[in-house]
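First the structure, in the form of structure tokens, and then the observations on it.
Small disclaimer: the values here were computed from a predicted structure and weren't measured. Counting starts at 1 for both ligands and their atoms, following the listed order.
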Amino acid sequence: MPSVVVFGATGFVGAPYTRALKQAYPDWYITAYVRSSKPEAELKVTLKADHIIVGDFSDSEKIKKISRENDIVVNAGNSFTGDPVTSIIAGQKENTGATKGKLIHISGGGNFIDFGTSGNFNTDSKVWNDAKEDDIKAIHKDMFNGQSDVPVLEAGDFIDTYIVCPSVVYGGASVSATTMGIGYTLLTSNAKSLGYVPYVGDGTAVLSTCHVLDLVDFLVSITGRAAEGPADGTAYSRYYMLETSKVQWKDLASELAKAMHARGFFPSTEPNNVAFEQAGKGEVKHLVAANMLVQGDRAAAMGFQPKQPSLLNQIHDDLKVVPM
Ligand SMILES: NC(=O)c1ccc[n+]([C@@H]2O[C@H](COP(=O)([O-])OP(=O)(O)OC[C@H]3O[C@@H](n4cnc5c(N)ncnc54)[C@H](OP(=O)(O)O)[C@@H]3O)[C@@H](O)[C@H]2O)c1
């Protein structure tokens, strides 16, 4: 039976994934790497993990050792920088088990925005397709998740790598999440810092979204695939773009404004139609005004079948109680 270690196991994605993995494979030995100060016994019960290791992503030697000692490593913790994935790779390269090291890394659809500034749908924008290896080879370090994706793709010469790339992840109410996850946090903190929920132009620009249950199902299935034996093809053929549905920014902004109004953040239930420069600080305004066009043909061929409702149906339940 394989041993699996999950980094970011207490997270919005990591927690339901860790539980679902144990449910699917009760005999596997699952370790959760966490920075929580909660008692170990409580964490084992909450995450259904066999073993808890407490540490930070900056503990590179510790991460390398844990990675080396496990058959499969899952990075559900961070994709914006090289931590902890470069230490994980270093450990998996030294894995002396019967099979090659195996890494499942969660990336993000932010890589694939078109950097449009109009807020309008653009029929000429590139549609990134996970079945086209040239699209995956075009991923570079300056993309939102490039600092982690590039080393993982390059490590594919030495270990079996799988990159699962959801877009904005929602659906926390379906898994009783106590946090919002990175996607919602980006959107709500941007609105809070502006004092309103923005959209740009006619708001027809589209954002790709993925329900956490669709993501977790696929992650469990790809972990099962990794455990079966050596991977086929190159690392560039094991990148999976997951999308439950696309939403238009104006629709998203309208529902987000209502949800944040209900939580007492804004007096108005309406979003603000603003110029690109007023849509957010730093990189976030690019997300708000741009299109994110992805097509997961390879994920579909691997069995990804979105079953869950749209973010527009879920957002009110998702944001009802979580700390904001
Ligand atoms: N949520 C989304 O919309 C979305 C979309 C696309 C891609 N992704 C990617 O999916 C992955 C998981 O995202 P998420 O939304 O689940 O994030 P999250 O809820 O913030 O979870 C991150 C996890 O990593 C842990 N962590 C963070 N910094 C750490 C550190 N320095 N040392 C040790 N542990 C640390 C957190 O521990 P604590 O519980 O102690 O904070 C938590 O368990 C990320 O790589 C993200 O980029 C997310």
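- Atom 13 (O) of ligand 1 has as its closest protein heavy atom I182 CD1, 3.6 Å.
- Other residues, nucleotides and ligands contribute over 12 non-hydrogen atoms within 6.0 Å of the NZ atom of K100.
- Residues T204 and D202 bring a donor and an acceptor atom of their side chains to less than 3.5 Å of each other.
- With sequence neighbours excluded, no residue forms a side-chain contact (heavy atoms from CB on, under 4.5 Å) with T178.
- Under the 6.0 Å cut-off for aromatic ring centres, F218 and Y240 qualify, their centroids lying closer than that.
- Among all protein heavy atoms, the one lying closest to atom 22 (C) of ligand 1 is G77 O, 3.5 Å.
- Less than 4.0 angstrom separates some heavy atom of V168 from each of these atoms of ligand 1: 3 (O).
- Among all protein heavy atoms, the one lying closest to atom 3 (O) of ligand 1 is V169 N, 2.8 Å.
- A donor-acceptor pair is defined here as one N or O able to donate and one able to accept, closer than 3.5 Å; no such pair exists between the side chain of K281 and the backbone of L194.
- Side-chain N or O atoms of S3 include none that pairs as donor or acceptor with a backbone N or O of N70 at under 3.5 Å.
- Using cut-offs of 30° and 60° for the angle between ring planes, the F57 and Y33 rings count as parallel.
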Between N111 and W128, is the side-chain contact (heavy atoms from CB on, under 4.5 Å) condition met? List the steps. CA-CA 10 Å; N111 283 355; W128 294 77; over 6 Å; no
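- Taking a 4.0 Å cut-off on heavy atoms, C165 fails to register as neighbouring ligand 1.
- In terms of protein heavy-atom proximity, atom 25 (C) of ligand 1 is closest to F57 CZ, 3.8 Å.
- Under the 4.5 Å side-chain criterion, counting only non-hydrogen atoms from C-beta, L153 is not in contact with T161.
- For S167, the heavy-atom gap to ligand 1 drops under 4.0 angstrom.
- The distance from ligand 1 to the heavy atoms of G108 drops below 4.0 Å at these ligand atoms: 6 (C), 7 (C).
- Judged by distance alone, with hydrogens and angles left aside, the side-chain atoms of D317 form no donor-acceptor pair with the main-chain N or O of A173 at under 3.5 Å.
- Applying the 4.0 Å criterion to heavy atoms of G183 picks out, from ligand 1, the atoms 1 (N), 2 (C), 3 (O).
- With A32, S79, G110 as candidates, the residue nearest to atom 47 (O) of ligand 1 on a non-hydrogen basis is S79.
- Assignment of S36 to the shell around ligand 1 is not supported, since no heavy atom sits closer than 4.0 Å.
- Around atom 28 (N) of ligand 1, the closest heavy atom drawn from K38, M180, R35 belongs to R35.
- Atom 42 (C) of ligand 1 has its nearest heavy-atom neighbour, among S208, G11, C210, in G11.
- For ligand 1, the polar-atom distance check against G181 finds no nitrogen or oxygen pair separated by under 3.5 Å.
- Regarding atom 18 (P) of ligand 1, its nearest protein heavy-atom neighbour is F12 N, 4.0 Å.
- Against a heavy-atom cut-off of under 4.0 Å, G55 is close to the following atoms of ligand 1: 33 (C).
- Looking at T10 next to ligand 1, an N or O pair under 3.5 Å apart turns up.
- In this structure, atom 12 (C) of ligand 1 lies nearest to the protein heavy atom A76 O, 3.2 Å.
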Start with the C-alpha distance between H211 and Y170, add both sets of side-chain angles, then the distance that settles ring pair (Phe, Tyr, Trp, His ring centres under 6.0 Å), and finish with yes or no. CA-CA 5 Å; H211 194 291; Y170 64 97; 5.1 Å; yes
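- Applying the 4.0 Å criterion to heavy atoms of I106 picks out, from ligand 1, the atoms 9 (C), 10 (O), 45 (O).
- Judged by distance alone, the side chain of D217 and the main-chain N or O of D214 form no donor-acceptor pair under 3.5 Å.
- Atom 23 (C) of ligand 1 has as its closest protein heavy atom G8 CA, 3.6 Å.
- Nearest protein neighbour of atom 16 (O) of ligand 1, counting heavy atoms only, is V13 N, 2.9 Å.
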Might you work through the side-chain contact (heavy atoms from CB on, under 4.5 Å) test for S268 and Y196, ending with a clear yes or no? CA-CA 9 Å; S268 169; Y196 52 80; over 6 Å; no
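- Under a 4.0 angstrom heavy-atom cut-off, S107 registers as being in contact with ligand 1.
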